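Accompanying notes for the structure given below.
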Amino acid sequence: MRRKIQNIIRGTFEYDVPSLILTEEKLDFPVIENETYTGSFHLKSSTDEPVRGIVTCEHPNVRILTEEFDSELAEIRFEFSGDRIAEGETQKGIFVVTSSCGEYLFPFRARISRHYLSSSIGKIKTINDFTNLCNLNWDEALKVFSSRFFCNIFHENEEYYKLLYRAVTYQRRTSHEMEEFLIAVGRKKRCVFSVSQPKRTYTVRDKAIHVSVDVSK
């Protein structure tokens, strides 16, 4: 206290310079392939004084929606594009905040994944998952088969499956097309019907005759 009084007498004043605090513990968010993630983070002044600043980022997939702020608590909104990046990749970058109380660097990490369809047995991520669902619930599997996200179950070295799917579903996506697809990829046997006596000889008479035929699938 004595030192502060002496500083006041000399005309020397101490000011509390605010600093910026990132309220989130870390900037870590998921991004779906070929989709745009919209997120935000918050910057808070360490004092009651508002802070002015601008936010930039050099990462090519990031677009800052809140480029400027002037407040005690600011919400910085941004977009991350999932174009030209694949599942399993991790993208890292830095949000640069140039403010009235200095420059701050806030690193972020984007985890890339695919849009997988949910079902009663969990998310359908592979052709095996889809085959299991077909065996358990054909109608539910048909809904998955008809979705525009179905091709996400095909991974590296499965381009042939994707081409088959597009060829089979060129006009329709019904139960018939789904069965044809499963047969084409070797996940289902084609149904074959046979009769007990494929050849029979009948004598034409005046009275009607009744004959039974055993058909097996």
Side-chain angles (χ1 to χ4, degrees), residues 22 24-42 55-66 75-95 106-192:
L22 179 67
E24 284 75 12
E25 183 177 346
K26 59 182 179 179
L27 298 178
D28 191 337
F29 48 88
V31 179
I32 304 297
E33 280 184 351
N34 302 315
E35 296 185 14
T36 299
Y37 171 86
T38 301
S40 66
F41 57 94
H42 297 80
V55 183
T56 58
C57 182
E58 294 185 354
H59 195 288
N61 292 60
V62 172
R63 184 167 76 95
I64 305 296
L65 302 179
T66 309
E75 180 184 15
I76 309 301
R77 299 177 63 249
F78 66 92
E79 288 182 348
F80 191 102
S81 173
D83 293 341
R84 298 181 298 278
I85 46 181
E87 180 187 31
E89 292 185 20
T90 298
Q91 297 285 316
K92 296 182 179 181
I94 297 175
F95 291 110
F106 298 111
F108 69 84
R109 183 180 69 165
R111 294 170 283 103
I112 314 303
S113 61
R114 284 185 177 179
H115 185 118
Y116 292 112
L117 296 166
S118 299
S119 72
S120 58
I121 62 172
K123 290 188 175 182
I124 306 301
K125 296 184 177 182
T126 65
I127 189 68
N128 288 335
D129 295 338
F130 177 66
T131 303
N132 292 334
L133 181 61
C134 289
N135 293 330
L136 295 172
N137 192 324
W138 185 268
D139 291 336
E140 186 180 7
L142 181 58
K143 293 180 180 179
V144 173
F145 182 79
S146 304
S147 170
R148 64 187 181 92
F149 297 108
F150 180 75
C151 283
N152 286 345
I153 71 171
F154 304 128
H155 299 274
E156 190 177 357
N157 300 326
E158 293 182 335
E159 188 66 25
Y160 176 67
Y161 289 169
K162 185 183 296 185
L163 293 175
L164 276 176
Y165 173 78
R166 290 175 177 173
V168 170
T169 60
Y170 178 72
Q171 293 182 329
R172 300 183 306 172
R173 297 179 184 180
T174 66
S175 180
H176 173 72
E177 281 73 37
M178 185 168 76
E179 184 174 14
E180 288 298 319
F181 171 77
L182 290 171
I183 293 172
V185 298
R187 300 301 172 126
K188 186 179 185 299
K189 293 183 178 179
R190 188 175 297 278
C191 293
V192 178

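Computed from heavy atoms alone, side chains included, the values below leave out hydrogens, waters and symmetry copies. Keep in mind that what you see is a predicted model, and the values were worked out from it rather than measured.
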Shortest non-hydrogen contact from [X] to [Y]?
X	Y	answer
Arg77	Thr38	NH2-CG2, 3.8 Å
Cys134	Leu182	SG-CD1, 3.8 Å
Ile124	Ser119	CD1-OG, 3.3 Å
Glu75	Ser40	OE2-OG, 3.1 Å
Glu140	Leu133	OE1-CD1, 3.6 Å
Leu142	Ser175	CD1-N, 3.8 Å

- Query: Under 3.5 Å, is there a donor-acceptor pair linking the side chains of Asn128 and Arg187?
  - Reply: yes
- Answer yes if the side chains of Glu177 and Thr169 hold a donor-acceptor pair under 3.5 Å, and no otherwise. no
Under 3.5 Å: donor-acceptor pair, side chain of [X], backbone of [Y]:
X	Y	value
Glu33	Gly82	no
Tyr116	Gly122	no
Glu179	His176	no

About how many Å separate [atom2] of [Y] and [atom1] of [X], when rounded to the nearest 0.5 Å?
X	Y	atom1	atom2	answer
Leu27	Lys92	CG	NZ	13.5 Å
Leu65	Glu79	CG	CD	4.5 Å
Arg114	Glu35	CZ	CD	12.5 Å
His115	Arg148	NE2	CZ	7.5 Å
Thr131	Leu136	OG1	CG	11.0 Å
Glu159	Cys151	CD	SG	9.0 Å

- Query: Are Lys188 and Met178 close enough that some pair of their side-chain heavy atoms sits under 4.5 Å apart?
  - Reply: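 Contact flag for Lys188/Met178 side chains = no.
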- Task: Check whether any side-chain heavy atom of Ser113 lies under 4.5 Å from a side-chain heavy atom of Ile32, and answer yes or no.
- Result: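 Ser113 reaches Ile32 side chain to side chain.
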- Is the number of heavy atoms from other residues, nucleotides or ligands within 6.0 Å of CZ (Arg111) greater than 12?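 Atom CZ in Arg111 is crowded, with more than 12 foreign heavy atoms closer than 6.0 Å.
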For the residue pair [X] and [Y], is the inter-centroid distance of their aromatic rings smaller than 6.0 Å?
X	Y	answer
Phe145	Phe150	yes
Phe41	Phe108	no
Phe78	Phe29	yes

Which atom pairs, one a donor and one an acceptor, fall under 3.5 Å between side chains of residues 55-62 and the rest of the protein, sequence neighbours left out?
residue : atom : partner : partner atom : Å
His59   : ND1  : Asn61   : N            : 3.1
His59   : NE2  : Gln91   : OE1          : 3.0
Asn61   : ND2  : Ser81   : O            : 2.8
Asn61   : ND2  : Asp83   : O            : 3.4

- Query: Can Arg190 and Glu180 be counted as an ion pair, charged N to O under 4.0 angstrom?
  - Reply: yes
- Query: Does any pair with a residue in residues 119-132 pass salt bridge (Lys or Arg N to Asp or Glu O under 4.0 Å), and if so which ones, sequence neighbours excluded?
  - Reply: none
- Message: Going by side-chain contact (heavy atoms from CB on, under 4.5 Å), Val185 matches just one of Phe130, Tyr161, Tyr160. Which one?
- Response: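 Exactly one candidate clears the test, Tyr161.
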- Residue set satisfying ring-ring contact (aromatic ring centres under 6.0 Å, His included) with Phe106, at least two apart, ordered chain then number -> none
